[in-house]
Student: 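The structure is given below, and queries will be raised subsequently.
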Amino acid sequence: MPTYTAPVKDMQFVLHEVLDVTKQDVPGYDELDADFSSAILEEAGKISSEVLQPLNAVGDQEGCVLENGVVRTPKGFKEAFDQMKEGGWTALDCDPEYGGQGLPYLMATAVGEMMVSANMAFNMYQGLTHGAYSAIHAHGTDAQKATYLPKMVSCDWTGTMNLTEPHCGTDLGLMRTKAVPQDDGSYKISGQKIFISAGEHDMADNIIHLVLAKIEGGPEGIKGVSLFIVPKFIVNEDGSLGERNGVSVGAIEEKMGIHGNSTCVMNYDEATGFLLGTEHKGMRAMFTMMNEARLGVGLQGYAQAAVAYENAAWYANDRLQGRAVTGVEAPDKPADPLIVHPDIRRNLMDQKSFVEGARAFTFWGASLIDRAHKNDDAEADGLISLMTPVIKGFLTDKGFEYATAAQQVYGGHGYIEEWGMSQFARDARIAMIYEGANGVQALDLVGRKLAQDGGKHVMAFFEMVKSFCKENAGDEALDRDFIEPLKAASKDLQAAGMYFMQNGMKNPNNALSGSYDFMHMMGHVCLGLMWARMAKAANDALAGGASDTAFYETKLATGRYYMARQLPATAMHLTRIESGADTVMALDAAHF
């Protein structure tokens with residue numbers, strides 16, 4: 001069975017030596033000294049490894065069961081959920097006015113990685129609740145916030161987001177769920193939603209559904225969509241729970257993975273709903289959830305790869321197979337461990353260099369969200385808006401790739417359920433699809449985000465890379481192994497952007513057919529920048545006489561691997577982009 005040990009030391013390295021959080025001018029960051037953050041991460045790691053991880057296989061094997069309209073979660077889930085609530089883990093970065101602890105989103109992100117690695121399906125119950133909390137917090141009336149947020153912060157009540165319908169996914173303008181105004185200011189919501197994560201379960205007293213619907217007589221398409229709060233139980237004026245609302249579960253979806261999360265078909269039969277935000281502006285309110293959710297899904301991608309890598313590295317050191325080609329490594333054993341073989345090393349280094357780079361990238365993204373929200377920083381908001389499709393798309397594509405790469409290390413045992421590696425691959429697979437499929441993320445990046453605010457945010461990113469390279473160009477320890485590869489990759493990315501500008505206007509397919517490659521190219525450049533920053537921090541620590549030289553030397557070796565073996569993929573992606581749309585669009589639809 002797999003195990004999980006939280007990477008506290010590596011997280012501390014990113015927080016304090018790469019991001020240097022206590023020296024940032026973001027409110028609350030000055031309190032995140034190493035001892036304080038270590039205490040939080042150690043405790044989160046403990047509950048992740050001791051409580052959540054043992055339930056991961058249980059959730060996968062048992063799944064959720066629908067009985068008489070009620071969903072029963074796997075054995076042990078409710079007790080673990082109660083323990084999470086009692087420990088305050090559901091409220092880390094929530095507003096203290098509603099019972100939250102008020103910590104930066106960055107700390108919630110670090111803790112979230114641990115819990116996703118330990119048990120992705122379980123963590124989704126509180127993760128979806130946090131997204132619904134954020135939408136109500138941003139767009140709700142004072143009365144709505146007072147009614148719902150304290151119970152959602154504590155997870156006594158959980159939350160969902162209801163977008164997809166059987167006939168429409170990404171194209172939400174096609175939705176049929178309708179909202180009929182009532183004399184008392186409420187609405188009657190009728191329709192069916194599918195793929196609703198945590199739509200029904202037995203771990204909370206109430207479930208607060210956020211539902212997209214169209215008010216009768218409103219504009220056609222996406223411009224006529226509004227967002228509604230639809231509680232499972234109506235909340236009385238005194239805060240107590242009243243009658244059951246007209247919302248029910250039609251079925252639990254049978255899925256490839258995340259079996260421990262109840263993914264439901266939800267039926268709304270004239271359910272009472274309350275408008276959240278402004279009429280016909282539902283997408284603006286929903287995107288408060290979606291943007292947060294997309295960073296969280298990117299985190300899911302690399303977090304699954306992280307736990308898969310941890311177990312694959314253990315197996316490669318334990319499993320005896322063959323002899324090293326350069327001579328016997330373990331003469332006292334009948335064979336050498338797998339780790340001696342170069343191709344196993346290549347596989348593990350691919351995984352390790354991705355996971356550590358992705359962690360730094362995601363933490364940096366979370367710090368941009370903190371800066372945007374706490375400092376009202378428009379530049380940080382624009383930059384994280386640019387990075388969100390990259391974090392979601394690139395990290396989940398690669399997260400799945402490396403979860404299956406870890407499975408490969410096990411050989412035939414990786415395909416056997418007893419070893420647990422297939423669950424990581426199956427659970428990771430959904431992250432490439434939900435919260436906006438990765439092809440849509442690529443289209444969003446190239447079609448919208450590059451040109452946002454006149455292109456100022458992508459230009460700011462290029463300038464960030466250029467400035468880092470210029471500032472450290474004279475550093476012999478960085479220049480050859482990190483700065484030069486980063487400069488080359490950044491030039492590839494800029495060349496791709498120039499190609500889109502020169503060719504995309506006369507034939508938009510030239511840009512859109514290259515969008516997926518551009519998303520991956522940008523992902524590589526972002527991880528290249530993170531590795532260059534981590535290498536600088538590691539070199540500084542070694543020059544300063546750090547006692548744990550092995551940690552920093554390992555960090556440098558891992559970074560050199562990424563820069564030499566992964567970052568050059570930008571040249572391949574550029575070649576694909578510059579080939580244009582002709583080969584992509586050559587076939588008539590009938591010939592596929």
Side-chain angles (χ1 to χ4, degrees), residues 6 8 11-12 14-16 19 21-22 24-33 36-45 47-48 52 81 84-118 122-140 145 148-159 161 208 287-300 303 359 362-377 380-381 384 388 391:
V8 174
M11 290 182 172
Q12 287 283 82
V14 175
L15 291 173
H16 298 288
L19 298 178
V21 290
T22 58
Q24 303 303 314
D25 63 346
V26 178
Y29 274 33
D30 58 333
E31 299 175 4
L32 298 181
D33 61 71
F36 179 66
S37 60
S38 177
I40 294 173
L41 296 178
E42 291 287 353
E43 284 302 310
I47 195 170
S48 296
L52 303 188
F81 200 67
M84 294 283 292
K85 289 159 54 178
E86 291 167 7
W89 295 107
T90 64
L92 279 182
D93 65 320
C94 296
D95 190 341
E97 183 176 347
Y98 303 104
Q101 298 184 37
L103 290 176
Y105 180 68
L106 175 58
M107 286 306 300
T109 299
V111 170
E113 180 198 321
M114 296 179 181
M115 294 182 176
V116 170
S117 286
F122 177 93
N123 191 70
M124 288 171 65
Y125 290 97
Q126 67 190 57
L128 270 295
T129 303
H130 193 285
Y133 153 87
S134 295
I136 295 173
H137 191 273
H139 302 284
K145 288 188 277 191
Y148 298 106
L149 294 189
K151 292 288 189 179
M152 295 177 76
V153 166
S154 66
C155 271
D156 289 332
W157 300 351
T158 58
M161 51 196 296
I208 311 304
F287 268 101
T288 300
M289 295 176 67
M290 290 292 286
N291 288 332
E292 176 184 305
R294 285 171 176 170
L295 186 138
V297 171
L299 181 150
Q300 287 180 335
R359 176 176 295 126
T362 304
F363 283 21
W364 175 59
S367 74
L368 290 175
I369 290 177
D370 278 331
R371 179 171 292 280
H373 291 173
K374 293 176 179 293
N375 292 37
D376 198 23
D377 189 325
D381 189 56
I384 190 55
T388 294
I391 290 172

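All heavy atoms count here, side chains included; hydrogens, waters and symmetry mates do not.
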Student: Is a donor on one side and an acceptor on the other found under 3.5 Å between the side chain of D370 and the backbone of V26?
Tutor: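 Checked: no pair found.
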Student: Side-chain donor-acceptor pair under 3.5 Å between H16 and S37, yes or no?
Tutor: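 Yes, S37 and H16 have a side-chain donor paired with an acceptor closer than 3.5 Å.
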Student: Is it true that a side-chain atom of Q126 and a backbone atom of C155 form a donor plus acceptor pair closer than 3.5 Å?
Tutor: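 No.
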Student: Give a yes or no on whether a salt bridge exists between R371 and D25, defined as a side-chain N under 4.0 angstrom from a carboxylate O.
Tutor: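 A salt bridge is present here (some side-chain N lies under 4.0 Å from a carboxylate O).
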Student: Let me see the working for Y133 and L128 under side-chain contact (heavy atoms from CB on, under 4.5 Å), right down to the final yes or no.
Tutor: CA-CA 9 Å; Y133 153 87; L128 270 295; over 6 Å; no
Student: Nearest heavy-atom pair of P104 and K374: which atoms, and what distance?
Tutor: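 The answer is CA-CE, 4.0 Å.
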Student: Which heavy atom in G159 sits nearest to a heavy atom in A132, and how many Å separate them?
Tutor: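 Heavy atoms of G159 and A132 come nearest at CA-CB, 4.1 Å.
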Student: Which distance, rounded to the nearest 0.5 Å, do you find between the CG of D381 and the CG of D376?
Tutor: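 Rounded to the nearest 0.5 Å, the CG-CG separation comes out at 8.5 Å.
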Student: Please round to the nearest 0.5 Å and tell me the distance separating atom OG1 of T129 and atom CD1 of I208.
Tutor: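 Going from OG1 on T129 over to CD1 on I208, the span is 9.5 Å.
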Student: Hey, does Q24 have a side-chain heavy atom less than 4.5 Å from the side chain of L19?
Tutor: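 No - every pair of side-chain heavy atoms lies 4.5 Å or more apart.
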Student: Can you name the nearest heavy-atom pair linking G45 to A6, along with the distance?
Tutor: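 Here G45 and A6 meet closest at CA-CB, 3.6 Å.
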Student: Could you check whether any side-chain heavy atom of I369 comes within less than 4.5 Å of a side-chain heavy atom of T109, counting everything from C-beta outward?
Tutor: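 No. Closest side-chain heavy atoms not under 4.5 Å.
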Student: Check the pair Q12, S38 against side-chain contact (heavy atoms from CB on, under 4.5 Å), reporting the backbone distance first and the verdict last.
Tutor: CA-CA 7 Å; Q12 287 283 82; S38 177; 3.4 Å; yes
Student: Taking side chain as C-beta onward, heavy atoms only, is L103 less than 4.5 Å from E31?
Tutor: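 When only atoms from C-beta onward are counted, E31 and L103 do not touch, as no gap falls below 4.5 Å.
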Student: Sub-3.5 Å donor-acceptor pair from the side chain of S154 to the main-chain atoms of K151, do we have one?
Tutor: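 Flag set: sc S154 to bb K151 pair under 3.5 Å.
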Student: Got a second to check how far Y29's OH is from S367's OG, nearest 0.5 Å?
Tutor: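 It comes to 5.0 Å.
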Student: Please examine the side chains of M115 and F122, heavy atoms only from C-beta on, and report whether any two atoms are closer than 4.5 Å.
Tutor: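 Counting from C-beta outward, F122 and M115 never come under 4.5 Å.
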Student: Among all residues two or more places apart in sequence or in another chain, which pass the side chain to side chain donor-acceptor pair (under 3.5 Å) test with Y98?
Tutor: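 Partners of Y98 under the side chain to side chain donor-acceptor pair (under 3.5 Å) test: none.
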Student: Start with the C-alpha distance between V21 and D33, add both sets of side-chain angles, then the distance that settles side-chain contact (heavy atoms from CB on, under 4.5 Å), and finish with yes or no.
Tutor: CA-CA 8 Å; V21 290; D33 61 71; over 6 Å; no
Student: Would you say the side chain of M124 lies within less than 4.5 Å of the side chain of V116, judging by non-hydrogen atoms?
Tutor: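 V116 does not reach M124 side chain to side chain.
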Student: Specify the closest pair of heavy atoms between K145 and I136, including all atoms of both residues, with the distance to one decimal.
Tutor: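 Closest heavy-atom pair between K145 and I136: CG-O, 3.6 Å.
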Student: Nearest 0.5 Å, what's the CZ-CE distance between F363 and M11?
Tutor: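 That separation rounds to 4.5 Å.
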Student: Could you tell me if the side chain of L106 sits less than 4.5 Å from the side chain of L15, heavy atoms only?
Tutor: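 Side-chain contact under 4.5 Å: yes.
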Student: Any side-chain to backbone donor/acceptor pair from S117 onto A303? Under 3.5 Å, distance only.
Tutor: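 Yes; at least one donor-acceptor contact below 3.5 Å.
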Student: List the atom of S48, the atom of A118, and the distance in Å for their closest heavy-atom pair.
Tutor: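 Closest approach of S48 to A118, heavy atoms only: O-CB, 3.2 Å.
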Student: Compile the donor-acceptor pairs under 3.5 Å between side chains in residues 87-95 and protein atoms, sequence neighbours left out, one pair per line.
Tutor:
| from | atom 1 | to | atom 2 | distance (Å) |
| --- | --- | --- | --- | --- |
| T90 | OG1 | V153 | O | 2.9 |
| D93 | OD1 | H130 | NE2 | 2.8 |
| D93 | OD2 | H130 | NE2 | 3.1 |
| D95 | OD1 | E97 | N | 2.9 |
| D95 | OD2 | H137 | NE2 | 2.9 |

Student: What's the spacing between T158 OG1 and Y125 OH if we round to 0.5 Å?
Tutor: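 Spacing of OG1 (T158) from OH (Y125) equals 9.0 Å.
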Student: Checking T22 against D30 for the side-chain contact (heavy atoms from CB on, under 4.5 Å) test, could you report, in this order, the C-alpha distance in whole Å, the side-chain angles of both residues, the deciding distance, and whether it holds?
Tutor: CA-CA 4 Å; T22 58; D30 58 333; 5.7 Å; no
Student: Quick one: closest heavy-atom pair of L41 and A110, and the distance?
Tutor: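 L41 and A110 have their closest heavy atoms at CD2-CB, 3.8 Å.
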Student: What's the spacing between L299 CG and M114 CE if we round to 0.5 Å?
Tutor: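 The CE atom of M114 is 11.0 Å from CG of L299, to the nearest 0.5 Å.
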